[in-house]
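See structure below.
Residue numbering restarts at 1 for every chain, and letters A, B, ... go by the order of the sequence lines. Everything numeric here is computed off the predicted structure, so don't read it as measured data.
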Protein chains: 2
Amino acid sequence: MNSRAHQAQQDSLSHARDEFISQWGALGTQWGINRTMAQIHALLMTAVEPMCTDEVMESLAVSRGNAHTNLKELVAWGLVRVVVRKGERREYFEAEKDVWKIFTIVARERKRREIDPALAILNKCEEASRGITSPEGKAFHSQMRALREFVGFASTMSDKVAAMKHGMAMQVAAKLIK
Amino acid sequence: MNSRAHQAQQDSLSHARDEFISQWGALGTQWGINRTMAQIHALLMTAVEPMCTDEVMESLAVSRGNAHTNLKELVAWGLVRVVVRKGERREYFEAEKDVWKIFTIVARERKRREIDPALAILNKCEEASRGITSPEGKAFHSQMRALREFVGFASTMSDKVAAMKHGMAMQVAAKLIK
DNA sequence: CATTACTTTCAGATATTACTGAAAGTATGG
DNA sequence: CCATACTTTCAGTAATATCTGAAAGTAATG
């Protein structure tokens with residue numbers, strides 16, 4: 001391939017990558033994570049080499065504070081790892097690229113933030129209304145119980161799925177689909 | 001039961017219900033739906049009778065506009081139904097109380113808002129990077145493909161599960177858990 | 001122990017989202 | 001049609017979430 005054609009390919013690659021980063025960031029909002037965090041995740045998922053804070057800042061045109069906070073948040077989730085290069089002081093960051101690992105991490109985090117607190121509330125309200133004899137009281141209690149049972153079930157399922165290996169999950173899924 | 005004991009029960013019931021509504025509302029924020037919408041949902045799920053806009057406004061101390069908008073949003077989701085009583089002009093609202101139905105509705109909506117748009121982006125980026133010959137280009141393309149395959153798979157699974165009847169879903173789940 | 005090279009924090013600024021309340025719209029019944 | 005009873009909309013305001021940039025913190029090096 002001549003150098004002009006090669007350049008055209010590199011251009012369309014960087015265009016596609018920019019598109020991915022920008023759109024993934026927009027999606028992040030829907031998913032309840034902030035735009036910058038989602039953009040950094042997209043940036044690092046499609047980076048060949050680990051990147052440092054300054055590179056992230058420049059690529060996305062965000063402040064140091066913002067880049068720093070969201071990189072650390074991604075590390076806290078387990079979606080990004082810190083890499084140190086020997087002889088260098090600064091930290092580099094690299095994203096988990098395995099889709100199944102990404103899925104289990106996100107599933108675990110969502111369960112922690114969405115399912116567990118719901119379960120706590122439902123347990124409390126189910127308990128608090130136990131033994132109330134009026135019709136409204138019985139209705140309330142049984143509604144709390146039904147919700148608690150279902151959310152508890154979802155919690156268990158979430159754990160099971162997140163603990164599965166990719167192959168096993170696909171095997172189970174295949175049965176479900178057929 | 002004497003009337004004093006009965007009153008004590010009614011108090012603890014309304015306390016438990018208030019707690020549920022308030023906490024469910026706080027949770028809504030985590031789930032990406034606004035507090036009022038989640039509170040109205042909690043209110044109606046634990047109401048014995050359908051409620052009208054004014055009753056909702058008063059129970060939650062919110063404005064007419066807010067109550068109206070969120071009631072209609074809940075109706076749009078399918079989590080709440082409009083009920084008309086004969087001889088009355090105003091609309092009453094009643095929540096779906098069946099937990100499996102609630103789950104399938106929420107799953108469908110989340111798929112629509114979270115999975116489908118992701119799939120569209122990934123398809124586009126996968127296409128846009130097809131045939132790029134540089135190593136970075138190939139890496140990008142295969143990352144997009146892996147993500148697209150996984151998200152596509154999640155989309156299918158979501159549809160399948162949402163289409164199941166409660167009993168069937170539980171049967172499948174039982175196998176998964178054991 | 002001073003300098004350099006980074007990382008971390010956070011008060012204030014900005015952007016986004018949600019809510020209010022009043023006005024406009026609509027349907028029903030006399 | 002007019003009055004009444006309700007529903008819907010929306011401009012302005014309030015609340016919340018996010019981002020910036022600079023200052024403070026920390027650790028390695030000579």
(message) I need the CD-P distance between E91(B) and dA5(D), as an integer number of Å.
(response) 17 Å

(message) At 4.0 Å (heavy atoms only), tell me whether R89(A) reaches a base, stays on the sugar-phosphate, or touches nothing.
(response) base

(request) Nearest whole angstrom, please: distance from the C1' of dG21(D) to the CE of M57(A). (result) 9 Å

(request) Inspect the contact between E109(B) and R112(B) and indicate whether a charged nitrogen and a carboxylate oxygen are less than 4.0 angstrom apart. (result) yes

(message) If I take atom CD in residue E55(B) and atom C1' in nucleotide dC6(D), what distance separates them, rounded to the nearest angstrom?
(response) 14 Å

(message) Does this structure show an ion pair linking E114(B) with R110(A), if we count only N-O contacts that are shorter than 4.0 Å?
(response) yes

(message) Can a side-chain donor-acceptor contact be found between Q9(A) and T133(B) if the only test is distance below 3.5 angstrom?
(response) yes

(request) Could you check how far CZ of R90(A) sits from C1' of dA28(D), rounded to whole Å? (result) 14 Å

(message) Rounding to an integer number of Å, can you tell me how far R85(B) CZ sits from dT28(C) P?
(response) 19 Å

(request) Just report the end-to-end axis angle for the helix from dC1(C)-dG30(D) to dG30(C)-dC1(D), five pairs per end, to 10 degrees. (result) 10°

(message) Quick test of your reading of the model: are R64(B) and D54(B) salt-bridged, counting only N-O distances below 4.0 Å?
(response) yes

(message) Using a strict heavy-atom distance below 4.0 Å, which residues from residues 58-72 of chain B are in contact with DNA chain D?
(response) R64(B), G65(B), H68(B), K72(B)

(message) Using heavy-atom distances to pick each residue's nearest nucleotide on DNA chain C, tell me which of T36(B) and Y92(A) is more 5'.
(response) Y92(A)

(message) How many whole angstroms separate atom CE of M37(A) from atom P of dA17(D)?
(response) 16 Å

(message) Quick test of your reading of the model: are E49(A) and R85(A) salt-bridged, counting only N-O distances below 4.0 Å?
(response) yes

(request) Take atom CD of E73(A) and atom P of dC19(D), then tell me their distance rounded to the nearest Å. (result) 12 Å

(message) Does the plane of the ring in F150(A) sit parallel, tilted or perpendicular to the ring in H166(B)? Use 30° and 60° as the thresholds.
(response) perpendicular

(request) Rounded off to whole Å, could you give me the CD1-to-P distance for the I33(A) and dA17(D) pair? (result) 16 Å

(message) dT17(C), OP1 or OP2 - any side-chain N/O from N34(B) closer than 4.0 Å?
(response) no

